[in-house]
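The figures that follow rest on heavy atoms only: side chains count, while hydrogens, waters and symmetry mates do not. Below, chains carry the letters A, B, ... as their sequence lines are ordered, and counting in each starts from 1.
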Amino acid sequence: MKVPFSWLREYVSVSLSASEIAQRLTMAGVEANLTKATRQSWDKITVGQIMALEPHPNADRLQLATIDFGQGQSKVVCGATNVRIGDKVPFAQVGAELVDGHSGKPVRLKPAKIRGVASEGMACSEKELGISESHEGVLVLPADAPLGIPLADYLADAVLDLEVTPNRPDCLSILGVAREVAALTKQEMRLPSSSYEEAGPEIQKRVSVEIADPDLCRRYCASLTEGIKIGPSPAWMQQRLTASGMRPINNIVDITNYVMLEYGQPLHAFDFRKIGGARIVVRRARAGEKLTSLDGVDRELRPDMLVIADQSIPVAIAGVMGGADSEVTEVTTSVLLESANFNQVSIRRTSSGLKMRSEASMRFERGISPELTVPALWRATQLMLEIAGGTASKGMADVYPGKKEAKVIRLRTAYVMQLLGLEVSQEQIIDVLVSLGFQCVPAGSENTAVTIPYWRTDVSEPADLSEEVARILGYAAIPTTTLSSELPRQQVDTRLSFREQLRDLMVAAGFQEIITYSLTSQHKLTKAASAENAVHVANPLSTELEYLRTSLRPGLLTTLAANQKYEEGGIRLFEIGRVFLGRGSDLPDEREILGGVVSGPRGELSWFGEKGQSDFFDAKGAVESVLSRLGIEAEYEAGGEDKLRSGRVARVVVGQTTVGIIGEIHPRVAESFDLLPQSVALFELDIENLLSVAKEKQGYHPLSRFPRSVRDIAVLVDVQVPAKKMLGVVRSVPLVSQVSLFDLYSGRQVPVGKKSVAFRIAYQSDSHTLTEEELETTENEILDRLAKDVGAARRG
Amino acid sequence: MLKELEELKTKAVSELDGIDNLGDLEKWRVRYLGRKGSLTTVLRGLGTLSVEERRTVGAVANELKATLESGLQQKQEALKTQNLVDTIEQTRIDVTLPGYPVSIGRLHPTTRTLREVCSVFSSMGFQVVEGPEVEWDYYNFEALNIPQDHPARDMWATFWVDTEGAGRSRLLRTHTSPMQIRLMEKTRPPVRAVVPGKVYRYEATDATHEFMFYQVEGLAVDKGITMGDLKGTLFEFARRLFGAERKARFRCDYFPFVEPGVEMAIDCFVCQGAGCRLCSNTGWIEILGAGMVHPDVLRRVDYDPDVYTGFAFGMGVERIPLLKYGIDDIRLFYSNDLRFLKQF
Ligand SMILES: [Zn+2]
């Protein structure tokens, strides 16, 4: 909503600057930005100053003014009586385009001789400048206006560009904003004049109105003016419409727009001769009905749309757009002016269904009051008679099935004080509310009966009234206090702290955290994981963002590929985020997953030398370290799924629960994500499953007071024998306190089909120092069991 | 014999002086003090002397032995010290060479901010809870006073999820506010919680718009909670996050589920309120929306609005690092360019 400051000033006296007004409105909830209206034709009009005044030699009511306009001085004839020597005034040089003070038509200023005295230029009134209708005297500018600068630079009308929140349809009008400004600056507001002579016949004899669907139309009013003359609207009106962002069309259409802006009530003008049977029926469209709207488009009407029909066919889509057939044209002489109230939900559905959001539909769908129809219609009819001539019928058609009593709220002063935490008296509350147009009747010292004015459709609760008090008094008045109420019992969500611990561990393990979109494509999901049970978005931004992810892999792999372009060293990424598994018509299962990828050289490039390319074991090492820090003992079972490279994939199992997977991605998958041809190791852990197997640490293992002995054993064993099995055998032998597999070799000096495996084993007892014989016996037992269980033979 | 000893002493001492390494020193020791060494030989020869002579010569010989032994010890110490000094001198390194790389990762800037925000509120007794990202229309809109066809729905462009059969409408939550309802449905007052999480808006992305971002929601409901408490809580939050000298202000704003509703701004920390590009010349930077929980919302979860009042607030999380670090493109957050992420 754009509010030209000059228009606003017509209905409220403003002593503050436009920027101060914008600031106050903003703080009170109507966000206002200050802009300037663009002027088309203030060429050759500058700020001038009256240097001398003398009587006109041949006319009593005229003066001769000497005006300095910066580039020189000029002597002009002046009819106004409101100027004094020293006043700053708008000065138009010969050749400037002005509005004729009497006819209202544009004129170009010519040198003139008035009553025998030459006049070179003119000191202008507001009307002559096209600012308003005022032609009472010359517009006197503030004394600090800089002499000689173009008037457009100085006086371009300030325009308040308002962002009106959906709850305040009343502020989608000049009067509504004037009311706010009046309350905020403690001024009285004025209403426009709207009286006119009803010289025509009784309207009931000329037109009949029926509301067939009162659920969608609470009130329908109309006036009829006959014998009007279509033409352009006056300059001041065009100027204001333009400044408000609307395009002038003709006097009748401009008046409907002008009054809509002024009152917030959408209006529609019909060419009365096109209304069949002189009859208006407000009803739902019938199946198969069509209408060519004002923009020339043929519209199929649905039966849930409200239309304005004549005796047989629709002539407008109610509140959204008029029909081309009944449009006001150059030959129109009789205008039926509609001012009605339509159901906000119906208007919203119809306008969004037809993709015809308009200034009118925007106002209707926010819920304006049916009480607004009459004052707006009076004003519009008055302007029509004034501007387009003609004769108005007596009275107006008014069908009002949806009348409701004004709402009265009982407001407790204590409630306002409690909600706001502000000491405020009943008098203060009443002052604020009355300034906004609420009627207040005190009921004792504690309660006030507050009648809601019709234009405040957003107010229905004591809380709403409390907001009025707060926003007018200003939020700065509310003291700053701390919560003093009881602290609720804290229920710690262990999942959250567990998850944050995982994050920290991943960072410690050298992984960079990423956060990727939850939306991805079916293609990526299918390639990297599975699109089965993926939840589909009905209105995706693109096919790339069409499904909720069922796996973190698309995000991890896409991010890896994108960063391989810039990173020389290896990349280690992790993400903790939700995946979404569809469950029919229910909400999906949202599972939180920790996923990571490792690829490229191990560690950073360094003068200490290279450490090879990362692979499966880098991912596994990270998982092992993290799980061990969480006190989780996991088993790694070979095998998994086909998106990962066969032979290089393992399930992470704790007890009976599979908590995750580790593997290198399949080269074909890598290719489809445009990854460099090198191994990409990946892991995924289900956080909830992980949490379910993570145990609180119970007690601790006392440190042995006795020395430990460390010995190495090397064995030859078939290559297929898994390390896990050998380590299991070694660990099962009593007195073994720690085992590390520290060497693995196959190749020269090792028979084909065999591998050499070396273990470093620490032996220790909690009860005594181990003897040489005990060590010997234990070592032999290890070798025996290895031979028996996995066919290993001692090497060397 | 005494003369012999005197010569031995002179020779041994002068030799010892000339020794400059531990090997030669050992040889010297063997030569003089070893089992077959000169001094030992002399001492062994004592037996051939008379008692009188033996006493005199013995005393001199013992004294010589002590002298040589202490000389040996001093020489040993000196040479060891010298050796160490030499070794240290010879094993100097270029300390400006890079160290052995230890890889430590980094948290995403959003995670760091979320932790910062949540910890401030935790310290004020707000419990951290989370809710679903795919929501029912009811929780995201209806229960928050935004019924079907309400014009306020335009404030939240929404991603809808396919409806299965006759199922109810589902969507990607457009804000974290649905958790207000879920929380209050589950518990009785007092309630004091913050809800961090991802939210989604059906919006084309550009430098200032992202279709996915994070919010933190806050809710406190009990007897006697006032708008002054809301001010106190949020102003304290602003000071802790943006610096103790920050000023904050409320202005009236509209959210259907609070009444009164406000928007909080802090004074611009770039221009200190004088007006600059960051604050669009207003001197103030909007950081969150808030208000007193709407009576309708309380009624919907069976809290009596005549008994209980409360406040709620919601803030965009990325906005905080955007402002703090002057980041001019929100898309940097979730495109995960490591050149960006590694700066945090
Ligand atoms: Zn600034």
Side-chain angles (χ1 to χ4, degrees), chain A residues 26-29 165-167 345 348-349 365-366 418-421 461 463-464 466-467 470-471 475 478-483 485-488 490 496 503 506-508 510-518 535-539 541 559 563 566-567 578 580 584-585 587-588 590 603-604 606 608, chain B residues 97-98 100-101 103-108 110-111 125 127-129 132-134 149 151-152 154 159-162 164-165 167 170 190-192 198 202 204 211-212 220 222-229 231-233 235 249-254 259-260 262 292 294-295 309 334 336 338-339 341:
Chain A
T26 300
M27 292 305 286
T165 53
N167 59 323
V345 170
R348 185 175 164 87
R349 285 188 184 162
E365 71 177 44
R366 292 176 184 214
Q418 199 280 311
L419 191 66
L420 300 180
E461 288 259 5
D464 299 323
S466 305
E467 177 173 85
R471 71 188 189 89
Y475 287 92
I478 294 175
T480 302
T481 52
T482 45
L483 277 172
S485 68
E486 181 195 343
L487 211 56
Q490 299 285 304
L496 300 188
R503 277 205 169 96
M506 288 315 301
V507 166
F511 285 74
Q512 165 70 50
E513 187 185 20
I514 60 171
I515 298 176
T516 67
Y517 294 140
S518 311
V535 176
H536 184 251
V537 172
N539 56 334
L541 285 170
T559 306
N563 282 290
Y566 309 112
E567 287 289 324
R578 297 183 189 179
F580 304 80
S585 63
L587 294 182
E590 299 186 12
E604 292 156 37
S606 150
F608 292 96
Chain B
L97 277 171
Y100 195 90
S103 295
I104 301 176
R106 284 178 169 82
L107 289 172
H108 192 281
T110 299
T111 302
Q127 191 177 330
V128 181
V129 295
E133 291 175 27
V134 182
D149 297 306
D154 293 346
F159 281 112
W160 297 92
V161 165
D162 287 356
E164 302 274 339
R170 298 173 298 179
V191 176
R192 212 185 279 190
K198 273 183 186 172
Y202 179 67
F211 72 82
M212 178 189 94
D222 200 359
K223 290 176 184 160
I225 291 184
T226 70
M227 187 150 228
D229 296 339
K231 249 178 117 172
T233 303
F235 284 20
R249 74 167 197 202
F250 276 0
R251 61 165 283 258
C252 181
D253 203 353
Y254 169 69
E259 189 71 31
V262 293
M292 303 305 289
H294 199 288
T309 51
Y334 306 119
N336 296 298
L338 294 183
R339 294 170 299 171
L341 295 181

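- A salt bridge does not link Arg366(A) to Asp154(B): none of the charged nitrogens lies less than 4.0 Å from a carboxylate oxygen.
- By number of non-hydrogen pairs under 4.5 angstrom with chain B, the leading residue of Leu420(A), Leu496(A), Leu483(A), Thr482(A) is Leu483(A).
- In terms of heavy-atom proximity, Pro260(B) sits nearest to Glu467(A) at CA-OE2, 3.1 Å.
- Contact between Thr226(B) and Gln418(A) at its shortest, heavy atoms only, is CG2-O, 3.0 Å.
- Only the side chain of Tyr566(A) comes within contact range of chain B, with heavy atoms under 4.5 Å apart.
- The CG atom of Asn167(A) sits 5.0 Å away from atom OH of Tyr254(B), with the distance rounded to the nearest 0.5 Å.
- Each of Thr111(B), Asn336(B), Thr110(B) was checked for a side-chain hydrogen bond (donor to acceptor under 3.5 Å, both in side chains) with Glu513(A), and the lone residue meeting it is Thr111(B).
- A donor-acceptor pair under 3.5 Å is formed between the side chain of Glu590(A) and the backbone N or O of Glu133(B).
- Across Pro151(B), Gly232(B), Ser103(B), the residue that shares the most heavy-atom pairs under 4.5 angstrom with chain A is Pro151(B).
- Looking at Val191(B), the atoms closer than 4.5 Å to chain A (heavy atoms on both sides) all sit in the backbone: N, CA, C or O.
- Proximity to chain A involves both the backbone and the side chain of Arg192(B), based on heavy atoms less than 4.5 angstrom apart.
- Only the side chain of Lys198(B) comes within contact range of chain A, with at least one heavy atom under 4.5 Å from a heavy atom of that chain.
- Residues Phe608(A) and Pro101(B) come closest through the heavy atom pair CD1-CD, 4.1 Å.
- Remark: side-chain polar atoms of Thr481(A) are paired, donor with acceptor, to backbone N or O of Gly228(B) under 3.5 angstrom.
- Proximity to chain B is limited to the side chain of Glu461(A), based on heavy atoms less than 4.5 angstrom apart.
- A donor-acceptor pair under 3.5 Å is formed between the side chain of Arg251(B) and the backbone N or O of Thr26(A).
- The heavy-atom pair separating Tyr202(B) from Asn539(A) by the smallest distance is CE1-O, 3.0 Å.
- Per-residue heavy-atom pair counts under 4.5 Å with chain B were compared for Gly421(A), Ala470(A), Gly29(A), Pro588(A), and the maximum is reached by Gly29(A).
- Chain B forms more heavy-atom pairs under 4.5 Å with one residue of Ile515(A), Thr480(A), Val345(A) than with any other, namely Ile515(A).
- Contact tally against chain A (heavy-atom pairs below 4.5 Å) for Pro132(B), Gly105(B), Ala204(B), Gly224(B): the top residue is Gly105(B).
- Contacts of Ala463(A) with chain B are made by both backbone and side-chain atoms, with heavy-atom separations under 4.5 Å.
- The structure places OH of Tyr334(B) at 10.0 Å from OG of Ser518(A), a figure rounded to the nearest 0.5 Å.
- Per-residue heavy-atom pair counts under 4.5 Å with chain A were compared for Lys223(B), Met292(B), Arg339(B), His294(B), and the maximum is reached by Arg339(B).
- The minimum heavy-atom distance between Glu259(B) and Leu419(A), with the atom names listed, is O-CD2, 4.1 Å.
- In terms of non-hydrogen atom pairs under 4.5 Å with chain B, the most contact-rich of Met506(A), Glu365(A), Met27(A), Glu604(A) is Met27(A).
- Chain A forms more heavy-atom pairs under 4.5 Å with one residue of Leu338(B), Val161(B), Thr309(B), Ile225(B) than with any other, namely Leu338(B).
- For the options Arg471(A), Glu567(A), Arg503(A), His536(A), heavy-atom pairs under 4.5 Å to chain B are most numerous at His536(A).
- Comparing Ile104(B), Asp162(B), Val129(B) by heavy-atom pairs within less than 4.5 Å of chain A, the highest count is held by Asp162(B).
- For Thr233(B), the parts lying under 4.5 angstrom from a heavy atom of chain A are both the backbone and the side chain.
- If you take CG on Asp149(B) and CZ on Arg349(A), they are separated by 4.0 Å, rounding to the nearest 0.5 Å.
- When heavy atoms are compared at a cutoff of 4.5 Å, Asn563(A) approaches chain B solely by way of its side chain, counted from C-beta outward.
- Between Phe250(B) and Tyr475(A), the angle of the ring planes goes over 60°, which puts this pair in the perpendicular group of the 30/60° scheme.
- Contacts of Asp253(B) with chain A are made by both backbone and side-chain atoms, with heavy-atom separations under 4.5 Å.
- Atoms CD1 and CE, on Ile478(A) and Met227(B) in that order, are 5.5 Å from each other to the nearest 0.5 Å.
- Nearest heavy-atom pair across Met212(B) and Thr516(A) is CE-O, 3.5 Å.
- With a 4.5 angstrom heavy-atom cutoff, Phe159(B) touches chain A via backbone and side-chain atoms both.
- Of the atoms belonging to Arg106(B), heavy atoms from both backbone and side chain fall under 4.5 Å from chain A.
- Proximity to chain B (any heavy atom under 4.5 Å) is shown, for Val537(A), by both the backbone and the side chain.
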